[in-house]
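Order of the sequence lines sets the chain letters (A, B, ...), proteins ahead of strands, with each chain counted from 1.
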Amino acid sequence: MMMADSGSTEEVAVIGNTDITSAESENNIINTMVERGTALLRKMEINVAEAEKRTGKNTVNMQETYTVYLIETRPAETIPEGAMPAAPDTLWRRYSEFELLRTYLLVTFPYIIIPPLPEKRAEFVWHKLSADNLDPDFVERRRVGLENFLLRVASHPVLSNDQIFFLFLTEEKGWREAVLDTGFQDKVDSRLKSLSAMFRVKNPDKRFTALKQYSDELNTVISQLLRVRARVADRMYGVYKVHGNYGRVFSEWSAIEKEMGDGLQSAGHHMDTYAASIDDILEEEEHYADQLKEYLFYTDAVRSVCRKNELIQYELEMEVQDLAHKKQQKEELLTGTVRIFSLKGMTSKLFGQESQEQRESRVAALDQSIHEGEETVLQKNKECKEFVRSAWEDIERFKEQKDKDLREALISYAIMQISMCKKGIQVWSNAKECFNKM
Amino acid sequence: MARQLRLSSPASASSLFNRLQLDDDLEADVRDLYASTETRDLFVTVDDPKKHVSTMETYITYRVSTKTTRIEFDLPEYCVRRRYQDFDWLRIKLEDSQPTHLIPPLPEKFVMKGVVDRFSEEFVETRMKALDKFLKRVADHPVLSFNPHLNAFLSVKDLNKRQGLALLTKVGESVKHVAGGYKLRARPAEFCAMGEYLDTFSQKLGTIDRIAQRILKEQSEYLTELREYGTVYSSWATSEEELQRPLEGVASCVKTCCGALEDQSESMSQDFLPVLREYVLYIESMKNVLRKRDQTQAEYEGRLEAAILRKQEDRTPMPVEVEKCQDKVECFNADLKADWERWQSNKRQDFKQLLTGMADRNINHYEKCQAAWESLITLLQDKQTEDKTSETN
């Protein structure tokens, strides 16, 4: 199936080839990330190669079993023909360390949409799939998800340059201290507060409002999609498996037949094959679900950036309001009019005017405060503008990435469906041949 | 190809000989699985259902068309309208007049009035196909097809069923009046084997029926979820820009797959299951014929035993009745064996057709789905080419 060449000298490896497997399609996403070429990825290749079970004592001195993942890094140079590739540098990390890294990034780069981690616990499962964290299939999918996370960070124009991230990949022992040394923990609390705080911004940035709304919609629709997909998977499983019963009954029936016996028996085997094929089909579809999940979790990161913008905006507005208030107060002091209620003002009204000296010193104090306030406003304004600028740059980048990735995901899903149809046709054609021989 | 009507039934040895001769012809015919159209000279079709409403009742009639070169028919073509009742009449008449033969079954007579809509398109269609099958089987049978009741059924404009055609065969008469109460001594092995085969076969068909129904149920539930799945993609498309067309494309694919599955399910329900069930009825008919054969043999054995005893006592010669009974049994056995062979080979054809039909339906369903997804990929990858070229330009 070749596409009409539009005249470009484009590589058409992906285009027009419906025989591409979905694993290859997924690789295309990863390859695109590498293509984008950050300095980091030009230097090194990153893999999450393996997963292993460990047991150890946890913080409350109890035995626990957990999984660790092997991160491999090697220099990204082309190996000369026939030469062995250099042995990679490796270190082991557990999921909680990934979480720590991510929290650090969230706090350090609040204007960046931080790539999400794969889910901690299996959700949106259909009945046969295990919801157990130690299940090998789950662990394997998580390994892929963690690798994906690292590659996303490594291919990000801003995040890839972060030193702590680099150490995460290269320093097994000293990393934890290095992260804690950055003092990011303090910011964590204030970030959590900002996320949950209820405040109203007077002049919200329309673009961010629209983005937040889109993000919420996307979150809702992907959740819905994943839920329904799990139900569809369940039902499809049922349909395929019941066909296995044909295998048994054809076999039993063939025992009482003469000429029809062989054909029936062989057809029965094909029915068994058909019933068994659903397991692989659905296992493969989990990859698609994982791709959707990544963007589901991305919506949280987007929301986070929007909230941070609101907070900064709000703080700016508060400072502006505060400054205006102080200026007002000064004006009143100078003109003697009391428009703003203040205890000092009331008491002086009641107990007599203050002295000239007192007033002058108050004005001076206010002036100082106003001056500081103006500085603050300027700074906050600058901060706000800078945040909006850098956030919006990342948001545009994210939008493009999202559109591309999701389209790839849909293509790979379609490929999966075609493969499933082809398998079905094959099995039933085989069965038909057997029936014809009856 | 004219044949001698096997209506006379002398119990003499010579006619037995003739009968055996005819049986030889029969055997030869059976070996051609389905006689080729050059040798067939009677073609029947049931189609064109029409509803009739009268003050007394509402019912459906079907057009029964006949084409034939047989001299037993006055005209080469006939076209009459018949209702289920008429088919039922025919079947009863055939059973009565040819009790040694296996009469094909009719679709179920009674339907629960609240449960099934007797006038729905699907029901009428399914019933009509079964009636067509019935009539074709009778028309293909070398003995039954010459039955005068069939002739009347196919040719007479207004079938007056009360006018009982007194053309009962003599054999028919005698077999009909088989005295009951005789115990069978030893059933020949081949008839035992037939009985066992029928029991097991019936069981397996029942299992297949259950499996097919279960699959239909699972498919129906799957279809419900799949429909919702498609609508979520549509809904998602509304909040996207670049992704709108791809997502709508997916939604449309899913919808196409739903349609394809619906078609397959409907087809299984209408074509596969009824044929399966009709075979179970066919098996019951065959079992009945086996039972009648047993009874005939039992009567013969009983009379023979009584006659032997009397002979021993007062030396009376073997009564004619006993000879007649012996005749009956041998006749019955021969007819039954011939019918059995025919039934077996028809069964083989019927099931080959049934099961390949099922395979075809599934293949068809997957082909439709595959085509839909493939055209989606074209759409999606087209956009990719567009994007890539615009990037490099």
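- Within 6.0 Å of atom CD in B/Glu241, 12 or fewer heavy atoms from other residues, nucleotides or ligands are found, so the atom counts as exposed in its surroundings.
- For B/Lys133, the salt bridge (charged side-chain N to carboxylate O under 4.0 Å, His left out) partners at least two apart in sequence or on another chain are B/Asp350.
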Quiz item: Should B/His365 and A/Trp428 be marked as a side-chain contact (heavy atoms from CB on, under 4.5 Å) after you check the CA-CA gap, both sets of side-chain angles, and the distance that decides it?
Solution: CA-CA 11 Å; B/His365 160 250; A/Trp428 282 105; over 6 Å; no
message = side-chain contact (heavy atoms from CB on, under 4.5 Å) for A/Arg235 and B/Gln219? Distances and angles first, verdict last.
response = CA-CA 8 Å; A/Arg235 290 294 168 207; B/Gln219 275 180 339; over 6 Å; no
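- Closest heavy-atom contact between B/Ala359 and A/Lys432: CB-CB, 3.7 Å.
- Put simply, NZ on A/Lys241 and CD1 on B/Ile215 are 13.5 Å apart, with the number rounded to the nearest 0.5 Å.
- Residue B/Leu216 does not touch chain A at all, counting heavy-atom pairs closer than 4.5 Å.
- With contacts defined as side-chain heavy-atom distances shorter than 4.5 Å, the pair B/Glu242/A/Lys404 does not qualify.
- Comparing A/Tyr240, A/Phe250, A/Phe435 by how many heavy-atom pairs each has under 4.5 Å with chain B, the most go to A/Phe435.
- Chain A forms the most heavy-atom pairs under 4.5 Å with one residue out of B/Val232, B/Thr224, B/Leu355, B/Leu354, and that residue is B/Leu355.
- Most heavy-atom pairs under 4.5 Å with chain A, from the set B/Asn362, B/Ile363, B/Leu376, B/Thr356: that is B/Asn362.
- Scanning all heavy atoms of the two residues, the minimum distance from A/Asp403 to B/Glu240 falls at OD1-OE1, 4.1 Å.
- In this view, B/Lys287 and B/Asp199, B/Glu284 satisfy the salt bridge (charged side-chain N to carboxylate O under 4.0 Å, His left out) rule, not counting sequence neighbours.
- Contact count against chain A (heavy-atom pairs under 4.5 Å) is highest for B/Asp360 among B/Thr238, B/Asn364, B/Asp360.
- Taken to the nearest 0.5 Å, the CZ atom of A/Arg229 stands 14.0 Å off from the CD atom of B/Glu228.
- The closest side-chain heavy-atom distance from B/Trp236 to A/Thr220 is not below 4.5 Å.
- In this structure, the side chain to side chain donor-acceptor pair (under 3.5 Å) partners of A/Tyr274, at least two apart in sequence or on a different chain, are B/Tyr366.
- A 6.0 Å sphere centred on CD of B/Gln353 holds no more than 12 heavy atoms belonging to other residues, nucleotides or ligands.
- Rounding to the nearest 0.5 Å places CG of A/Leu225 at 4.5 Å from OH of B/Tyr233.
- Within a 6.0 Å sphere centred on CZ of B/Arg277, other residues, nucleotides and ligands contribute more than 12 heavy atoms.
- Note: A/Arg231 leads A/Gln224, A/Arg231, A/Lys423 in heavy-atom pairs under 4.5 Å with chain B.
- A distance of 13.5 Å separates CZ of A/Arg227 from OH of B/Tyr229, quoted to the nearest 0.5 Å.
- Interface residue B/Ala212: backbone and side-chain heavy atoms are both found under 4.5 Å from chain A.
- Minimum heavy-atom separation, A/Arg407 to B/Leu380: CD-O, 3.9 Å.
- A side-chain donor from one of A/Glu257 and B/Tyr197 sits under 3.5 Å from a side-chain acceptor of the other.
- Contact residues of residues 212-219 of chain A toward chain B are A/Tyr214, A/Glu217, A/Leu218 (heavy-atom distance under 4.5 Å).
- With hydrogens and angles disregarded, a donor-acceptor distance shorter than 3.5 Å links the side chain of B/Lys352 to the backbone of A/Asn436.
- Separation of atoms CD (B/Gln381) and CD1 (A/Ile411) is listed at 5.0 Å; rounding is to 0.5 Å.
- Under the 3.5 Å distance criterion, the side-chain polar atoms of B/Arg348 are matched with a main-chain donor or acceptor of A/Met438.
- Side-chain atoms of B/Tyr222 and A/Tyr237, non-hydrogen and from C-beta on, never get closer than 4.5 Å to each other.
- Here A/Asn245 contributes atom CG and B/Arg210 contributes atom CZ; the two are 10.5 Å apart, rounded to the nearest 0.5 Å.
- Heavy atoms only, all atoms of each residue included: A/Ile415 and B/Ile377 are closest at CG1-CD1, 3.4 Å.
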task: Take A/Lys422 and B/Glu367 through the side-chain contact (heavy atoms from CB on, under 4.5 Å) test and state the conclusion after the steps.
output: CA-CA 8 Å; A/Lys422 284 185 175 162; B/Glu367 280 175 347; over 6 Å; no
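- When the candidates B/Thr207, B/Ile208, B/Leu247 are compared by the number of heavy-atom contacts under 4.5 Å with chain A, B/Ile208 comes out ahead.
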